[in-house]
A.B. asks: 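Here you go, one structure.
Letters A, B, ... are given to chains in the order of the sequence lines, protein chains preceding strands, and every chain is numbered from 1.
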Number of protein chains: 2
Amino acid sequence: MFSKSCKYGIRAVLFLASLETGIRAGVKEIATELNVPAPFLAKILQQLAKAGLISSVKGPGGGFYLSPENADSNLSEIINCIDGPDLLHACVLGLPACSHKHPCPLHVQANAFRQGLKFQLEHQIIKDLALSIKKEHLNL
Amino acid sequence: MFSKSCKYGIRAVLFLASLETGIRAGVKEIATELNVPAPFLAKILQQLAKAGLISSVKGPGGGFYLSPENADSNLSEIINCIDGPDLLHACVLGLPACSHKHPCPLHVQANAFRQGLKFQLEHQIIKDLALSIKKEHLNL
DNA sequence: TGTAAAAAGGATAAAAACATCCTTTATTGA
DNA sequence: TCAATAAAGGATGTTTTTATCCTTTTTACA
């Protein structure tokens, strides 16, 4: 479903979202917390920061965090940033010519299905997820 | 969503399903038809044949085909054979410890979603798909 | 019985994903 | 200003997926 990069990315964003406002976390801290390789995670965080989905400051006391704006983004944006738009848009069977006009055998089913997925992902706002993480002590 | 192997595999099975009963197709023919690399497809067909999801005969005039029993299998079985059960069963965020008891932040949503996907995939019977392919002249 | 056809199986190669390491840049605080 | 900290960026290595090639086995048929 999601690449490893994408899973790490989502988890990292959710971790940042569950921090107190004003607190930043460094790569090492996040990597330890999520139990994922730090240098690899660093690349992913860079990518998310470059895309404006998370925020960062360099230097002592620096690290990554979510601005209020960042916390308003949704899962779809994170996934799209890391894995690209194919999950929701490319033909499930990989046919380049697949379209409403020339559908593949799974086109109708896949589309109906992905409309639902798309809706869900676009309505999973980071800050809301963070709330339920805190409330229900969920794992990351 | 699906690996390339899995996409090729599904398409190949659907192609075999759309053949007249009694007709067999060789790797090269299938590969040409689907526009995928023949040696790679051969490996996938072998895997499906070994698992009993498609049938094959060696020698002159041989090739791959679907027995009536094969045509009664569903998409879930094909996908499970090639990509394994993770799509429907592993934690979407890749957490080894994720469970109903210790859920990840997406556990509930993912589960609801995948129940639907699972149901759909298990009810997409190959021979039914083949019928709609013929009727609606769908691409493979 | 021998030859050709076609799948099965094994070994190898190329590309992509995953992961690490080192240098540079920005920032803080002494 | 200088040293330390931490992200950014670039280069490199490893593993998995994707793809190719060659040999072996099975089968049909002349």
Side-chain angles (χ1 to χ4, degrees), chain A residues 1-13 16 19 23-32 34-67 70 79 81-84 86-87 90 93-94, chain B residues 1-13 16 22-32 34-67 70 79 81-84 86-87 90 93-94:
Chain A
M1 189 88 159
F2 304 133
S3 70
K4 242 171 173 181
S5 297
C6 196
K7 291 174 192 166
Y8 293 173
I10 294 171
R11 291 171 64 201
V13 169
L16 293 177
L19 294 176
I23 301 296
R24 297 165 187 158
V27 176
K28 277 183 225 161
E29 183 186 346
I30 306 173
T32 304
L34 304 184
N35 200 33
V36 303
F40 188 53
L41 181 63
K43 295 296 183 195
I44 299 162
L45 293 171
Q46 271 177 42
Q47 196 177 342
L48 289 167
K50 212 170 179 181
L53 291 171
I54 66 177
S55 306
S56 69
V57 290
K58 290 181 175 182
F64 296 92
Y65 67 100
L66 299 192
S67 68
N70 294 151
I79 293 161
C81 174
I82 301 176
D83 278 353
D86 279 6
L87 177 65
L93 293 183
Chain B
M1 189 89 161
F2 303 134
S3 71
K4 242 171 170 179
S5 298
C6 195
K7 291 174 192 168
Y8 293 171
I10 294 170
R11 291 171 65 203
V13 170
L16 293 177
I23 301 295
R24 297 164 188 160
V27 176
K28 277 183 223 159
E29 183 186 346
I30 305 173
T32 304
L34 305 184
N35 199 34
V36 303
F40 187 53
L41 182 64
K43 295 296 181 192
I44 299 161
L45 292 172
Q46 270 177 44
Q47 197 177 341
L48 290 167
K50 212 170 179 180
L53 292 170
I54 67 177
S55 306
S56 69
V57 289
K58 291 182 175 182
F64 296 92
Y65 66 100
L66 298 192
S67 68
N70 294 153
I79 294 161
C81 174
I82 301 176
D83 278 353
D86 279 7
L87 177 65
L93 292 183

A.B. asks: Please name all residues satisfying side chain to side chain contact (heavy atoms under 4.5 Å, CB included) with A:Ala42, sequence neighbours left out, ordered by chain then number.
C.D. replies: A:Val27
A.B. asks: Can you pull out the residues from residues 57-66 of chain B that lie within a 4.0 Å heavy-atom distance of DNA chain D?
C.D. replies: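 DNA chain D contact set from residues 57-66 of chain B: B:Lys58, B:Gly59, B:Pro60.
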A.B. asks: To check you understand the geometry: which heavy-atom pair defines the closest contact between A:Leu34 and A:Tyr8, and what is its length?
C.D. replies: CD1-O, 4.1 Å
A.B. asks: Check ring pair (Phe, Tyr, Trp, His ring centres under 6.0 Å) between A:Phe2 and all other residues, then give those that pass, not counting sequence neighbours.
C.D. replies: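 Here no residue qualifies.
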A.B. asks: What pair of heavy atoms forms the shortest contact from B:Arg11 to A:Leu93, and how long is it?
C.D. replies: CD-O, 3.6 Å
A.B. asks: Return the value, rounded to whole Å, for the distance between atom CZ of B:Phe2 and atom C1' of D:dT18.
C.D. replies: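 In whole Å, D:dT18 C1' lies 18 Å from B:Phe2 CZ.
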A.B. asks: Please determine whether a side-chain nitrogen or oxygen atom of B:Tyr8 lies at a distance below 4.0 Å from atom OP1 or OP2 of D:dT18.
C.D. replies: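 For D:dT18, neither OP1 nor OP2 has a side-chain N or O of B:Tyr8 closer than 4.0 Å.
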A.B. asks: Is there a side-chain contact between B:Val13 and B:Leu53 (heavy atoms, below 4.5 Å)?
C.D. replies: no
A.B. asks: Take the C1' atoms of the five end pairs on each side of the helix from C:dT1-D:dA30 to C:dA30-D:dT1, get both axes, and report the angle to 10 degrees.
C.D. replies: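 Result, rounded to 10 degrees: 0°.
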A.B. asks: According to side chain to side chain contact (heavy atoms under 4.5 Å, CB included), who are the partners of B:Pro39, at least two apart in sequence or on a separate chain?
C.D. replies: B:Pro37
A.B. asks: Going 5' to 3' along DNA chain C, which nucleotides are the first and last within contact of chain B (any atom under 4.0 Å from a heavy atom)?
C.D. replies: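 The contacted stretch runs from C:dA4 to C:dA11.
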A.B. asks: Got a list of protein N/O to nucleotides 15-17 of chain D N/O distances below 3.5 Å?
C.D. replies:
none

A.B. asks: Under 4.0 Å, heavy atom to any atom of DNA chain C: which of residues 39-56 of chain A qualify?
C.D. replies: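 Contacting residues: A:Pro39, A:Phe40, A:Lys43.
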A.B. asks: Suppose we screen for side chain to side chain contact (heavy atoms under 4.5 Å, CB included). Which residues come up paired with B:Gln47, at least two apart in sequence or across chains?
C.D. replies: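 Result, side chain to side chain contact (heavy atoms under 4.5 Å, CB included) vs B:Gln47: B:Cys81.
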A.B. asks: Which atom names give the shortest non-hydrogen contact between B:Cys6 and B:Asp83, and what distance separates them?
C.D. replies: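 In this case the closest contact between B:Cys6 and B:Asp83 is CB-OD2, 3.2 Å.
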A.B. asks: Minimum heavy-atom separation for B:Leu87 and B:Met1, please, with both atom names.
C.D. replies: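 Scanning both residues completely, I find the closest heavy atoms to be CD1-O, 4.3 Å.
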A.B. asks: Scan residues 55-66 of chain A for pairs that pass side chain to side chain donor-acceptor pair (under 3.5 Å), counting only residues two or more places apart or in two chains.
C.D. replies: A:Ser55-A:Asn70
A.B. asks: Could you tell me the separation between the CZ atom of B:Phe64 and the CG atom of B:Leu45, rounded to the nearest 0.5 Å?
C.D. replies: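 Here the interatomic distance stands at 4.5 Å.
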A.B. asks: Taking side chain to side chain contact (heavy atoms under 4.5 Å, CB included) as the definition, give me every residue that meets it alongside B:Ala90, ordered by chain and number, with sequence neighbours left out.
C.D. replies: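 Only B:Asp86 meet the side chain to side chain contact (heavy atoms under 4.5 Å, CB included) criterion with B:Ala90.
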A.B. asks: Might you point out which heavy atoms bring A:Arg24 and A:Leu19 nearest each other, and give the distance in Å?
C.D. replies: C-CD1, 4.4 Å
A.B. asks: For A:Thr32, which residues count as a side chain to side chain donor-acceptor pair (under 3.5 Å) partner, sequence neighbours excluded?
C.D. replies: none
A.B. asks: Considering all heavy atoms of both residues, which atom of B:Ser5 and which atom of B:Ile82 are nearest to each other, and what is their separation?
C.D. replies: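 Reported closest heavy-atom pair: CB-CG2, 3.7 Å.
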